[in-house]
2 protein chains.
Amino acid sequence: MPAQRVDQAIEAIRASGSRVTVDRRAVVEALDRSGDHLTAEQLAEAVWVRHPDINLATVYRTLELLERLEIAFHVHLGHGPSRWHLAGDVHHHLVCEICNRVVEIPDSTFDPLRKRLLDDTGFVIDPHHFSLSGTCAACAADADR
Amino acid sequence: MPAQRVDQAIEAIRASGSRVTVDRRAVVEALDRSGDHLTAEQLAEAVWVRHPDINLATVYRTLELLERLEIAFHVHLGHGPSRWHLAGDVHHHLVCEICNRVVEIPDSTFDPLRKRLLDDTGFVIDPHHFSLSGTCAACAADADR
DNA sequence: TTCCGTGCAAACAATTTGCAATAGA
DNA sequence: TCTATTGCAAATTGTTTGCACGGAA
């Protein structure tokens, strides 16, 4: 039932007092259709498949709204533009600084670190917003040679 | 002996076959003088105190060189421009997404996570390049109210 | 009808680049 | 001398904004 996330998002927009427009629905649907990790530009291209006249600025403004409503979020995967995704299953990213490969890891991997930092500093980490960088297995092996 | 880091950096530039220029020395000295977490713009201002005619583009080009030589590195602390620092004691940053406070934590905090990710995925993390975001103790307490 | 949302073009911030002049080795 | 480095201004990239028009409620 893929339409469910879209309907929930639309409902949240309405509930917030913002207007439900064709453009906003189109952005949410494109986000829903197109997995994780899209840049605003890529998302716009996905939107344009069905709605070629929606402006890039509108895509940015809609993403801003969706983030305020906690319907969508952006992540920084290494350098370059932000990546966007609908709220949903939380996972994290390791980005290889050599080959740019992205490895996804479950949120629970951070639990021990989370507890430790909370105990030590009172800081509640949300590691979702930024990726961790480093060297992937393949590139690390290459470097050893 | 604060000049030591500068001398080492200059020597590394020479050893790499690049030329040791007044501008490059000025950038290294400004970096050495001015603690961590400087943006390129702030670094340029520090340079201009003694060398008002050095161009911002030269600062950027020098930083690029220093990073290639592993003399200096940049870090992403939340949104906004990159922050630069000389190589040296490695530590990490927690950035509060509400108040932008920065909490520094020692590298060793990451050891268990590092080991786990290495075992699970073969990925060697270098958590230095990106900060972790979240909510600091004070803001978390405010949010509870 | 009343504002909110949108298109458009221009502004913006951070960074990079092409090219001619200059200065290290 | 010879070529790497620099200044300058312009280009780039990703994103935001002002304003007049058009469409949800």
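Quick caveat: nothing in here was measured; it's all calculated off a predicted structure. Order of the sequence lines fixes the chain letters, A, B, ..., with proteins taken first and strands second; residue numbering starts at 1 for each chain. These numbers come from the heavy atoms of this one structure, side chains and all, not from hydrogens, waters or symmetry mates.
- Taken together through direct or relayed side-chain contacts under 4.5 Å among Ile, Leu, Val, Met, Phe, Trp and Tyr, I13(A) and I54(A) form part of one hydrophobic cluster.
- The side chain of Y60(A) contributes no N or O atom lying less than 4.0 Å from OP1 or OP2 of dT16(D).
- Phosphate proximity of dG7(D) to T58(B): present, with a side-chain N or O under 4.0 Å from OP1 or OP2.
- Look at N55(A) and you won't find any side-chain N or O under 4.0 angstrom from OP1 or OP2 of dT6(C).
- Between the side chains of E104(B) and H92(B), no donor N or O sits under 3.5 Å from an acceptor N or O.
- Rounded to an integer number of Å, the gap from CG of L56(B) to P of dA13(C) is 14 Å.
- Distance, D53(A) CG to dC8(C) C1': 13 Å, rounded to whole Å.
- For the pair L38(A) CG and dG14(D) C1', the interatomic distance rounds to 16 Å; values are reported in whole Å.
- Residue E64(A) contributes atom CD, which lies 14 Å from atom C1' of dC4(C) at whole-angstrom precision.
- In this structure, R25(A) places its CZ atom 15 Å from P of dG5(C), rounding to the nearest Å.
- Distance, H79(B) NE2 to dT15(C) C1': 18 Å, rounded to whole Å.
- Summarising the geometry, the separation between CG on D23(B) and C1' on dA21(C) is reported as 14 Å, rounded to the nearest angstrom.
- Across L65(A) and S18(A), no two heavy atoms sit closer than the pair CD1-OG, 3.8 Å.
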- Spell out protein contact along nucleotides 18-25 of chain D as letters: B when the base is contacted, S when just the sugar-phosphate is, - when no protein heavy atom is under 4.0 Å; keep the 5' to 3' order. B----BBS
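- Between H85(B) and H128(B), the ring centre distance stays below 6.0 Å.
- Note on S82(A): only backbone sugar-phosphate atoms sit closer than 4.0 angstrom, heavy atoms only; bases stay farther off.
- With hydrogens and angles left out, the side-chain atoms of D23(A) and H51(A) include no donor and acceptor closer than 3.5 Å.
- Note: CZ (R24(B)) to P (dG7(D)) measures 11 Å, nearest angstrom.
- In the set dG7(D), dT15(C), dG7(C), dT15(C) carries the atom at the smallest distance from any side-chain atom of A40(B).
- Under the 3.5 Å distance criterion, with hydrogens and angles disregarded, no donor-acceptor pair is assigned to the side chains of H76(B) and H93(B).
- Within a 6.0 Å sphere centred on CZ of R33(A), heavy atoms belonging to other residues, nucleotides or ligands number more than 12.
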